[in-house]
Amino acid sequence: MGINPYPYKYDRTHQISEVLSSFDTLAAQNTVVRVCGRIMLIRKMGKVFFADLRDAGAKVQIYVKRDDVGEALFEVFDLLDLGDIIGCEGTVFITRTGERTIKVTSFQLLTKALHPLPDKHAGLTDVETRYRRRYIDLIANPEVREAFVQRTRIIQTIRDFLNSTGFLEVETPILQPLYGGASARPFKTHHNTLDIPMFMRIADELYLKRLIVGGYDKVWELCKDFRNEGMDRLHNPEFTMIEMYWAYADYRDIAALLEQLLRHVVFTLHGKHTIEFGEHSIDFGPPFRWVSMLDSVREKTGVDFSNLSFEDARAQARKLGVESAELINWGKVVAAVWEAKVEHSLIQPTFVCDFPVEISPLAKKHRDNPRLTERFELFIATQEMGNAFSELNDPVDQLQRFLQQGKAMAAGDEEAQPLDDDFITALSYGMPPTAGLGFGIDRLIMLLTNQPSIRDVIFFPQMKETKDGTVPVSQILAQLAEEEQDASKK
RNA sequence: GGGGGUGUAGCUCAGUGGUAGAGCACCUGCCUUUUAAGCAGGGAGUCGAAGGUUCAAUCCCUUCCACCCUCACCA
């Protein structure tokens with residue numbers, strides 16, 4: 001029929017949402033509109049078609065009557081399938097049943113769809129297909145597309161907030177000769193020209209603190225991080241954090257800022273301070289609870305670990321049913337008991353503070369207790385949403401912490417942090433007292449959009465490779481040739 | 001890695017030891033304001049993969065693959 005199934009462009013005058021929002025005016029003035037979109041439904045009634053056309057923002061019904069478009073175009077429309085993308089021109093009116101509709105006078109095929117859409121009513125529910133071929137998921141499931149719009153809005157709101165409070169958004173290396181800033185196994189790669197091993201970053205911390213040394217007061221980064229660890233509902237190998245560093249402030253200051261930020265984001269997104277997450281209702285309105293790790297352990301277990309020796313602490317932990325070969329110091333024992341007895345009970349936003357020094361190699365020692373650090377983690381709905389400390393800025397102390405980590409690594413701890421000489425050098429030039437914070441963006445978005453899996457807030461989550469998901473090129477070409485032949489016949 | 005579950009048409013799902021079914025989608029016909037339009041007809045499947053048992057396996061057995069849940073590690 002000489003129809004190009006893949007033309008170059010279509011001059012549209014309105015997005016569908018614009019047609020709907022100014023419908024009365026368009027109708028009164030008999031304005032000709034040109035819209036485009038994907039055909040989601042077709043209803044044929046003899047010499048008349050009704051179809052639902054959807055673009056990025058909205059859906060509208062179109063009305064194609066043979067007497068309006070002519071015999072030839074009408075037959076073309078008869079060849080269209082669900083999923084095809086068209087542009088059409090016409091005026092608007094309201095049908096007998098009250099639906100706002102575009103009365104089409106002409107239309108053009110813009111893109112032919114070779115694969116059929118998922119069931120128009122049941123949609124696409126198979127999670128494997130949804131994750132592997134997100135484009136189908138996005139076509140078939142409007143609520144999925146909306147969740148990702150929310151993701152962008154959340155990040156934008158955070159960005160606006162931080163920019164408005166004087167934080168400078170910066171970028172630091174993703175590809176690093178040495179990884180650090182968190183306890184995790186890295187992805188390792190290789191630079192050919194330099195012939196050196198390189199690592200994908202697991203955190204931004206050490207680079208951002210170098211910038212504080214360099215004289216920036218407030219910096220932050222939207223961080224893509226990579227951790228070579230297990231994958232499940234809460235973990236994707238590639239994920240997003242925000243890290244921020246604030247000179248001349250301590251962990252209490254940055255906790256207050258984080259609280260203010262989250263309250264602002266929740267309110268901006270939902271217009272209120274409470275959100276629903278699974279079976280929980282989370283209230284961001286009241287001041288967040290602030291409790292020390294040792295106090296919360298004592299509340300739950302009746303045991304005060306604060307003045308116990310390592311041996312006594314381990315014995316107490318054993319009585320509580322907490323036992324592991326990895327509990328090699330007092331700090332690890334306390335953290336393990338806390339995780340076993342306290343963590344699961346933290347539903348409303350709660351700052352848990354003052355972590356043991358052994359598990360906090362980059363945090364400054366607590367001003368009142370050398371066994372602890374000035375560190376907090378924020379928990380919401382039992383999940384860690386953020387981790388922050390008064391940053392360790394004493395290069396001698398930092399070196400000792402690194403050496404301790406080195407011992408752990410030598411003992412087989414694959415997540416211990418390697419010594420970063422240049423970072424020590426940077427600290428020795430003087431880093432002002434600084435508060436630092438990192439929080440997981442994917443988890444925050446899960447929380448704020450009420451999604452149960454991290455895969456529901458990452459467009460293309462990591463999946464195992466499978467033969468089923470791969471179509472041989474030869475098969476694709478054969479199919480294309482076949483379609484071409486079919487088209488030329490028509 | 002351990003335990004539990006799932007895998008049948010493009011999509012959503014039934015089903016049986018004897019050559020495979022529905023709805024939607026697709027094709028044909030009827031219907032000029034319908035709306036999950038309707039009515040009539042049609043084509044469509046390596047029943048996840050490979051072995052085994054059996055006269056006969058989509059179904060029973062074994063192994064493998066992918067996905068989901070869960071436990072352990074992690075954000």
Side-chain angles (χ1 to χ4, degrees), chain A residues 39-52 59-69 74 78-84 93-103 113-133 136-137 139-141 181-186 202-203 223 225-243 324 326 336 339-340 377-379 383-387 413-415 438-447 452-456 461 463-470 479 486:
Chain A
I39 299 174
M40 302 306 290
L41 283 175
I42 296 178
R43 297 174 288 279
K44 187 180 179 184
M45 280 271 313
K47 301 295 177 283
V48 164
F49 287 100
F50 290 91
D52 287 357
K59 190 169 71 177
V60 72
Q61 174 169 267
I62 62 173
Y63 174 67
V64 181
K65 186 163 71 162
R66 192 181 61 173
D67 295 348
D68 290 340
V69 300
F74 189 79
D78 205 14
L79 294 173
L80 297 180
D81 296 318
L82 300 190
D84 288 350
F93 75 107
I94 293 183
T95 64
R96 250 182 241 155
T97 51
E99 177 143 358
R100 291 175 293 181
T101 303
I102 296 175
K103 183 177 187 148
L114 301 183
H115 281 293
L117 292 182
D119 187 283
K120 66 186 183 187
H121 185 241
L124 177 69
T125 61
D126 180 76
V127 288
E128 186 170 356
T129 308
R130 288 186 45 225
Y131 296 152
R132 287 190 193 279
R133 307 199 195 162
I136 311 177
D137 191 24
I139 292 169
N141 298 314
S183 299
R185 284 155 61 196
I202 59 172
C223 325
D225 293 331
F226 308 84
R227 297 189 184 175
N228 208 339
E229 289 162 350
M231 298 149 54
D232 59 29
R233 196 171 64 80
L234 297 171
H235 299 84
N236 194 62
E238 173 180 346
F239 67 105
T240 306
M241 280 206 301
I242 281 179
E243 287 194 26
S324 161
E326 290 169 13
E339 277 170 26
E377 288 187 351
L378 174 64
F379 281 82
Q383 287 182 27
E384 183 199 331
M385 302 302 299
N387 180 22
D413 183 352
E414 289 185 89
E415 293 176 349
F439 57 101
I441 287 300
D442 308 293
R443 298 252 179 107
L444 178 65
I445 291 165
M446 284 171 62
L447 181 75
S453 169
I454 196 167
R455 290 178 171 154
D456 295 319
M463 302 288 277
K464 280 194 202 173
E465 295 212 13
T466 171
K467 287 171 189 168
D468 293 348
T470 325
Q479 188 179 354
D486 288 354

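As a basis for the values below, the full set of heavy atoms in this structure was taken, side chains included, without hydrogen atoms, waters or symmetry mates. A note on names: the letters A, B, ... follow the listed sequences, proteins ahead of strands, and every chain is numbered from 1.
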Visitor: Counting only Watson-Crick or G-U wobble pairs whose two distances fall under 3.5 Å, which nucleotide matches A72(B)?
Guide: none
Visitor: When the distance from CD1 of I454(A) to C1' of C68(B) is rounded to whole Å, what number comes out?
Guide: 16 Å
Visitor: Identify all pairs in which a protein N or O lies below 3.5 Å from an N or O of nucleotides 23-26 of chain B, and state each distance.
Guide:
unit_1, atom_1, unit_2, atom_2, d
G23(B), N2, D119(A), OD2, 2.8
C24(B), O3', K120(A), NZ, 3.3
C24(B), O2, D119(A), OD2, 3.4
A25(B), OP1, K120(A), NZ, 2.6
C26(B), OP1, L82(A), N, 3.4

Visitor: Can you tell me the distance, in whole Å, between the OH atom of Y63(A) and the P atom of A37(B)?
Guide: 17 Å
Visitor: Under 4.0 Å, heavy atoms only, any strand: does D52(A) hit a base, just the sugar-phosphate, or nothing?
Guide: nothing
Visitor: Do the side-chain N or O atoms of R43(A) get closer than 4.0 angstrom to the phosphate oxygens (OP1, OP2) of U34(B)?
Guide: no
Visitor: Using a 4.0 Å heavy-atom cut-off, does G123(A) contact any base of the nucleic acid, only the sugar-phosphate backbone, or nothing at all?
Guide: sugar-phosphate
Visitor: Heavy atoms from C-beta onward define the side chain here; which of A66(B), U34(B), A75(B) lies closest to that of R227(A)?
Guide: A75(B)
Visitor: G386(A) and F439(A): which non-hydrogen atoms are nearest, and at how many Å?
Guide: CA-CB, 3.8 Å
Visitor: What integer number of Å spans the C1' atoms of U6(B) and C47(B)?
Guide: 14 Å
Visitor: A75(B) P sits how many Å from R185(A) CZ, rounded?
Guide: 13 Å
Visitor: Under 4.0 Å, counting only non-hydrogen atoms across every strand here, what does F439(A) touch: a base, just sugar-phosphate, or nothing?
Guide: nothing
Visitor: Using the C1' atom as the point on both nucleotides, what is the distance between U53(B) and U58(B), in whole Å?
Guide: 16 Å
Visitor: L124(A) side chain: which of U12(B), U34(B), U33(B) is closest?
Guide: U12(B)
Visitor: Between A75(B), C11(B), U32(B), spot the one nearest the side chain of E384(A), thanks.
Guide: A75(B)
Visitor: Look at all strands and tell whether D67(A) reaches a base, only sugar-phosphate, or nothing, counting heavy atoms closer than 4.0 Å.
Guide: base
Visitor: How many Å lie between CG on L234(A) and C1' on C73(B), as a whole number?
Guide: 12 Å
Visitor: Look at the side chain of V127(A) and decide which nucleotide, out of C68(B), U12(B), A36(B), has an atom nearest to it.
Guide: C68(B)
Visitor: Could you tell me the separation between the CE atom of M463(A) and the CZ atom of R133(A), rounded to the nearest 0.5 Å?
Guide: 11.5 Å
Visitor: Is M241(A) touching bases, backbone alone, or none of the nucleic acid, heavy atoms closer than 4.0 Å?
Guide: nothing
Visitor: Which is true for I136(A) with a 4.0 Å heavy-atom rule: it touches a base, it touches only sugar-phosphate, or it touches nothing?
Guide: nothing
Visitor: Where the side chain of F239(A) is defined as all heavy atoms beyond and including C-beta, which of U32(B), C67(B), A75(B) is the nearest nucleotide?
Guide: A75(B)
Visitor: What is the pairing partner of C26(B), taking Watson-Crick or G-U wobble pairs with both distances under 3.5 Å in any strand?
Guide: G42(B)
Visitor: Rounded to the nearest 0.5 Å, what's the gap from CD1 on I441(A) to CD1 on I242(A)? Could you check?
Guide: 3.5 Å
Visitor: Under 3.5 Å, is there an N or O donor on one side and an acceptor on the other linking the side chain of Q61(A) and the base of U34(B)?
Guide: yes
Visitor: Given atom CZ of R66(A) and atom P of U34(B), what is their separation to the nearest angstrom?
Guide: 19 Å
Visitor: If you measure from the C1' atom in A36(B) to the same atom in C24(B), how many Å do you get, rounded?
Guide: 9 Å
Visitor: Is any side-chain N or O of T125(A) closer than 4.0 Å to OP1 or OP2 of C13(B)?
Guide: yes
Visitor: Could you state the CE-P distance from M40(A) to A37(B), rounded to the nearest angstrom?
Guide: 12 Å
Visitor: Nearest heavy-atom pair of F226(A) and F239(A): which atoms, and what distance?
Guide: N-CE2, 4.3 Å
Visitor: From U32(B), C67(B), A75(B), pick the nucleotide closest to the side chain of K65(A)?
Guide: U32(B)
Visitor: Between D126(A) and D78(A), which residue's closest nucleotide on RNA chain B lies nearer the 5′ terminus?
Guide: D126(A)
Visitor: Considering only side-chain heavy atoms of R233(A), which listed nucleotide, U12(B), U70(B), U33(B), is closest?
Guide: U70(B)
Visitor: Can you tell me which residue among R443(A), R233(A), R130(A) is in a salt bridge (charged side-chain N to carboxylate O under 4.0 Å, His left out) with D456(A)?
Guide: R130(A)
Visitor: I want to check one thing: is the phosphate of U34(B), taken as OP1 and OP2, less than 4.0 Å away from some side-chain N or O of T95(A)?
Guide: no
Visitor: Find the distance L41(A):CG to G38(B):P and express it as a whole number of Å.
Guide: 11 Å
Visitor: Round to the nearest Å and state the distance from D137(A) atom CG to C11(B) atom C1'.
Guide: 13 Å
